[in-house]
Amino acid sequence: MLAQLASTLGALQLPLRISLPDGESLDLAQSPTVELRIRDPALLAELQRPTLDALGEAYIEERLDIHGPLPDAMAIADRLSQSLVINAPGDPPATAPHDRQSDAQAVAYHYDLSNSFYALWLDPEMVYSCGYFRHAEDSLARAQVQKLDHLCRKLRLHRGDYLLDVGCGWGALARHAAREYGVRVHGITLSEQQLELGNQRVRSQGLGQQVRLELRDYRDLPRSEQYDKVVSVGMFEHVGHANLDNYFRILAEQVRPGGLVLNHGITARHVDGRPVGRGAGRFIGRYVFPHGELPHLATAVGSMSEQGLEVVDVESLRLHYALTLQHWSRNLEDRLEQARALVGERSLRIWRIYLAGCAYGFAHNWMNIHQVLAVKPLPGGGHHLPLTRADLYT
Ligand SMILES: C[S@@+](CC[C@H](N)C(=O)[O-])C[C@H]1O[C@@H](n2cnc3c(N)ncnc32)[C@H](O)[C@@H]1O
């Protein structure tokens with residue numbers, strides 16, 4: 001079987017060693033940097049058509065081990081699948097109904113894994129979304145503070161403003177906005193573990209008068225125009241196409257006329273949602289973010305507009321997310337033993353592949369991430385935003 005693989009794959013010159021339990025091995029080029037140790041010989045037949053989800057699944061089921069740097073392994077897996085898998089466009093990914101109960105379960109599966117596990121590889125503020133790198137060599141901690149500030153500046157926060165943070169995670173943005181801009185913040189999350197740690201941090205930083213975090217589904221926000229600004233960061237990926245209009249309608253309903261809505265989220269590569277990455281999206285949907293869906297930017301902007309929001313600024317942060325994920329993945333790779341003790345082998349394998357794979361995917365334009373700023377126009381159609389973006393950068 002290895003001989004057959006050698007004839008199929010030899011021309012690719014991949015820096016890869018494939019080894020079998022009996023000690024037999026095949027180097028596909030001189031000086032391989034990555035070794036795939038096959039534990040289950042039946043897998044060799046599947047390697048004839050290595051979709052990325054099949055490879056990832058074999059890894060988490062411990063039918064194979066990966067030795068060597070994960071970024072190299074991702075690049076090799078992609079080249080393998082590019083060469084051997086016919087990439088027929090395929091159907092757009094299935095969309096899920098997204099009721100409150102299934103969304104709560106999907107959120108708990110991902111975010112209630114273990115606060116200590118997330119603390120191992122996120123920045124100290126535990127921001128779980130793309131950072132903002134002024135320089136590629138910025139540290140993760142710096143990039144995350146810069147991102148929080150970039151959001152606050154785009155929202156033109158002023159002392160006394162009331163901000164709603166939809167999908168507030170561990171509350172990093174809420175605390176930053178309260179501390180640095182003197183605003184009041186109401187943050188909502190569906191994760192009990194996030195809420196517990198977020199609240200601890202609010203109290204220990206003496207921000208209890210300004211910041212209120214609670215467990216609440218965005219669909220259960222009372223209809224009121226009570227907020228000056230609304231922000232949602234890394235959350236709309238959980239909403240689903242079927243609920244997108246309802247989601248933006250709810251955000252628009254929360255903000256007073258003249259107020260701002262900022263949506264920061266991952267967006268699809270193709271308008272029609274056809275998949276990229278030969279199975280990578282299927283892997284994420286099955287093991288990482290159940291029921292996750294990525295609308296295209298055009299779909300998101302269209303939906304916002306239809307809900308009465310005027311889109312005033314759009315920024316892509318795709319390469320910032322590639323850098324962020326590289327940091328997260330390296331941090332996790334540096335703490336594998338601690339991570340294994342916290343979440344066990346299977347979850348560790350899923351998160352290793354997810355972080356390294358998404359770093360690769362963002363770098364290779366499989367998906368994008370956009371901050372979309374919109375205003376809810378005043379009754380005559382006006383608003384009070386500055387004429388230029390210059391204030392964001394001073
Ligand atoms: C990727 S995290 C981003 C957290 C935070 N905004 C940040 O940047 O660190 C997504 C957040 O969305 C929240 N979320 C997902 N679905 C939600 C829903 N239906 N209602 C409220 N929050 C939700 C999750 O609980 C989680 O806090």
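Reckoned from all heavy atoms, side chains included, excluding hydrogens, waters and symmetry mates. In listed order, ligands and their atoms are each counted from 1.
- Nearest protein neighbour of atom 15 (C) of ligand 1, counting heavy atoms only, is Val107 CG2, 3.5 Å.
- Nearest protein neighbour of atom 25 (O) of ligand 1, counting heavy atoms only, is Thr189 OG1, 2.8 Å.
- Close contacts between ligand 1 and Gly169 involve ligand atoms 4 (C), 5 (C), 27 (O) [criterion: under 4.0 Å to a heavy atom].
- Ion pair Arg340/Glu337 flagged as a salt bridge, since at least one NZ, NE, NH1 or NH2 atom sits closer than 4.0 Å to an Asp/Glu carboxylate oxygen.
- Atom 20 (N) of ligand 1 has its closest protein heavy atom at Tyr218 N, 3.1 Å.
- Here is the list of ligand 1 atoms found below 4.0 Å of a heavy atom in Asp217: 19 (N), 20 (N).
- Checked against a 3.5 angstrom limit, the closest N/O atoms of Gly234 and ligand 1 fall outside it.
- Side-chain atoms of His110 never come within 3.5 Å of backbone atoms of Phe289 as a donor-acceptor pair (strictly under, hydrogens ignored).
- Geometrically, ligand 1 and Leu190 share a nitrogen or oxygen pair separated by less than 3.5 Å.
- Each of the following atoms of ligand 1 lies closer than 4.0 Å to a heavy atom of Ser191: 25 (O).
- Salt bridge annotation for Arg389-Asp313: present, with a cationic side-chain nitrogen under 4.0 angstrom from a carboxylate oxygen.
- With hydrogens and angles disregarded, a donor-acceptor distance shorter than 3.5 Å links the side chain of Glu237 to the backbone of Ile266.
- In this structure a side-chain-to-backbone donor-acceptor pair under 3.5 Å is present from Ser204 to Arg201.
- What sits closest to atom 17 (C) of ligand 1 on the protein, heavy atoms only, is Met235 CE, 3.4 Å.
- Under a 4.0 Å criterion applied to the non-hydrogen atoms of Arg216, ligand 1 contributes the atoms 20 (N), 21 (C).
- Counting the atoms of ligand 1 from 1 in the order shown, those under 4.0 Å from a heavy atom of Val127 are 9 (O).
- Of the protein's non-hydrogen atoms, the one nearest atom 26 (C) of ligand 1 is Gln194 OE1, 3.4 Å.
- Only the backbone of Cys168 comes within 4.0 Å of ligand 1, judged by heavy-atom distances.
- Not one N or O of Met126 is nearer than 3.5 Å to an N or O of ligand 1, by distance alone.
- Under the 4.0 Å criterion applied to side-chain N and carboxylate O atoms, Asp391 and Arg153 are not assigned as salt-bridge partners.
- In Glu214, the CD atom is crowded: over 12 heavy atoms of neighbouring residues, nucleotides or ligands sit closer than 6.0 Å.
- Looking at Tyr128 next to ligand 1, an N or O pair under 3.5 Å apart turns up.
- For the residue pair Asp149 and Tyr181, a side-chain donor N or O sits within less than 3.5 Å of a side-chain acceptor on the partner.
- Ranking protein heavy atoms by distance to atom 3 (C) of ligand 1, first place goes to Val233 O, 3.3 Å.
- At the shortest separation from atom 13 (C) of ligand 1 among protein heavy atoms lies Gly167 CA, 3.6 Å.
- Of all the heavy atoms of Tyr111, the ones lying under 4.0 Å from any atom of ligand 1 belong exclusively to the side chain.
- Salt bridge absent: Arg156 and Asp228 never bring a charged side-chain N and a carboxylate O closer than 4.0 Å.
- A salt bridge between Arg249 and Asp245 is absent, with no side-chain N of the basic residue lying under 4.0 Å from a carboxylate O of the acidic one.
- Of all protein heavy atoms, the one closest to atom 8 (O) of ligand 1 is Ser129 OG, 2.6 Å.
- With hydrogens and angles left out, the side-chain atoms of Tyr218 and Asp103 include no donor and acceptor closer than 3.5 Å.
- Residue contact check for ligand 1: Asp103 places no non-hydrogen atom closer than 4.0 Å to it.
- With respect to the salt-bridge test (charged N to carboxylate O, under 4.0 angstrom), the residues Arg142 and Asp123 do not qualify.
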